[in-house]
> 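My structure is below; once you've seen it, I'll send some questions.
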Amino acid sequence: MQTETKIMLDENDMPDRWYNIQADLPSPPLPPLNPQTFEPLKPEELSALFPKELIRQEMSRERWIPIPEEVKDIYRLWRPSPLYRARRLERALKTPARIYYKWEGVSPPGSHKPNTAVAQAYYNAEEGIERLTTETGAGQWGSSLAFATSFFDMKCTVYMVRISYEQKPYRKVLMQTWGAEVIPSPSTRTQAGKQMLEQFPETTGSLGMAISEAVEDAATHENAHYALGSVLNHVSLHQTIIGLEMKKQFESIDEYPDAVFGCVGGGSNFSGGSFPFIMDILNKKSDVEVVACEPMACPTLTKGIYRYDFGDTAGLTPLLKMYTLGHTFVPPGIHAGGLRYHGDAPLLCQLVDNGYVKAKAFYQNEVFEAAELFARTEGFVIAPESAHGLKGVIDEARECKKTGEEKVLCFVNSGHGHFDLSAYDSYNSGQLVDYEYPSELIQEALKNLPEVESI
Ligand SMILES: *Cc1c(COP(=O)(O)O)cnc(C)c1O
């Protein structure tokens, strides 16, 4: 029997390549489409927004992509991150299952997001770009990009969803401390923002709206590019360092998971944690179960449809083939702010469509109940987003208690919840409302999907 609590890797054992699942997919990924012509996008069309190397990675079919030394050097501030065995949680659940979690809360901004923010800032700086624009929901991505750009002496402009700007002032302070300019979205800074404000003066904003603004800002300014914190292939690619480290850590204690869980907002931490395991499934070396966990209030994978849709509200971004609730979907102001996006990473969606990944949705009170149990057994107060993956694991561990199966379960614990204490406060005082996004509203939003002949 293993006795480890914290399974660590040596700095020198940090993976030096990212894993590109595009090399191993059973069928080639469906290309992004030009938003006007609906024709497959040409790489040049992305160059107003992204540096060449990221565009190359976005479309690459190479299995392994080297991590630049400059990026590894910054990763070393917190990577390799620990894999924990959650023994006290196992005991509290009286489960025969062994539960592990990969802890991404150790990065300076407190989540997995700097894994890609640092890489993106690096490739942009290499190309001489002086400013990055982006959107942020709960503020984790904005703070990660602010952190990353500060290491490369770049400027950073963050369009922050207005409701988060108002509800989460500390994230804003964090971004400003790392030198970013933070603008509540929709704003009057862009045409897209102005139109939005005219149409919906009372809007609390959404990620889709903020993306429209950040994209317009980058596209209309020299020496500025745009950075996206999730969804795109290169983002999932950079996050695979999570799963690659997990595999090494499991190997070092002679374990291999029976199931991998994680929360899904745009799908990046979950893709990063699971793709290296899905590689084993695709190579017929494993039959690990892979389970994506999302909120009932934004049930993209469980209730959305698999279609081409825009990435933003205004319809400026390329069309991506993904599970979507419709780009005009405005999510309710639930607290799991990072899980409110209308779509999900196309690579992940393809794997869901092909049956390699299952999806489950949870209500927020049961998710917070799981987070509270975790805080009282494992000590860490985790992000409400991450707690969706935890809830998936806890349900499975309870099943194991019934069946007596000693399964090895794990989840990507994507970040800490130190900036989410007002949400914990609402839960503690019994004020969180369970919300299921009504099917009628989903049907309504789906009417606005672009008509694309399927190719
Ligand atoms: C942003 C965020 C998420 C959701 O984003 P993904 O791209 O789905 O990973 C989940 N957890 C934390 C802590 C986050 O900051």
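Just follow the structure's listing: the first ligand is 1, and inside any ligand the first atom is 1.
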> Looking at residues at least two apart in the chain, or sitting in another chain, which of them share a side-chain hydrogen bond (donor to acceptor under 3.5 Å, both in side chains) with Ser81?
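If we apply the side-chain hydrogen bond (donor to acceptor under 3.5 Å, both in side chains) test to Ser81, skipping adjacent residues, the hits are Arg79, Lys102, Glu104.
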> Looking at Ser414, which atoms of ligand 1 are within less than 4.0 Å of one of its heavy atoms?
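Answer, ordered by atom number: 10 (C), 11 (N), 12 (C), 13 (C).
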> Sub-3.5 Å donor-acceptor pair from the side chain of Asp312 to the main-chain atoms of Thr317, do we have one?
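It does hold such a pair.
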> Any atom of ligand 1 sitting under 4.0 Å from a heavy atom of His416?
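Per 4.0 Å heavy-atom rule, His416 does not contact ligand 1.
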> Is there a polar contact, in the sense of an N or O pair closer than 3.5 Å, between Cys263 and ligand 1?
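There is no such contact.
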> When only distance counts, is Gly415 in polar contact with ligand 1, meaning an N/O pair under 3.5 Å?
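No - when backbone and side-chain N and O of Gly415 are compared with those of ligand 1, no distance drops under 3.5 Å.
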> Would the Tyr123 and Phe50 ring centres measure less than 6.0 Å apart?
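Ring centroids of Tyr123 and Phe50 are no less than 6.0 Å from each other.
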> Ignoring hydrogens, just give me the one of Lys113, Gln239, Gln140 whose non-hydrogen atom is nearest atom 3 (C) of ligand 1.
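Residue with the shortest heavy-atom distance to the ligand atom: Lys113.
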> Who pairs with Asn354 by side-chain hydrogen bond (donor to acceptor under 3.5 Å, both in side chains), at least two apart in sequence or on another chain?
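Result, side-chain hydrogen bond (donor to acceptor under 3.5 Å, both in side chains) vs Asn354: none returned.
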> Does His112 approach ligand 1 within less than 4.0 angstrom via side chain, backbone, both or neither, non-hydrogen atoms only?
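It is the side chain that touches ligand 1; the backbone stays farther off.
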> Give the intermediate values and the outcome of ring-ring contact (aromatic ring centres under 6.0 Å, His included) for residues Phe151 and Tyr122.
CA-CA 9 Å; Phe151 279 76; Tyr122 168 76; over 10 Å; no
> Considering both backbone and side-chain atoms of Gly267, is one of its nitrogen or oxygen atoms within less than 3.5 Å of a nitrogen or oxygen in ligand 1?
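Yes - when backbone and side-chain N and O of Gly267 are compared with those of ligand 1, one distance drops under 3.5 Å.
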> Counting the benzene-type ring for Trp, do Tyr101 and Phe374 have ring centres under 6.0 Å apart?
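Under 6.0 Å, so yes.
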> Would you mind telling me if ligand 1 is within reach of the side chain of Val264, the backbone, both or neither, using heavy atoms under 4.0 Å?
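Val264 to ligand 1: backbone contact only, side chain stays beyond 4.0 Å.
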> Check each atom of ligand 1 against the heavy atoms of Ser230 and keep those under 4.0 Å away; list them by number with element.
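With Ser230 as reference, the close atoms of ligand 1 come out as 6 (P), 7 (O).
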> Within the 4.0 Å heavy-atom shell around Asn269, which atoms of ligand 1 are there?
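So the answer, numbered in order with elements, is 6 (P), 8 (O), 9 (O), 10 (C).
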> Looking at Glu213 and Arg189, is there a salt bridge between them, counting it only when a charged N and a carboxylate O are closer than 4.0 Å?
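Judged by the 4.0 Å cut-off on N to carboxylate O distance, Arg189 and Glu213 do not form a salt bridge.
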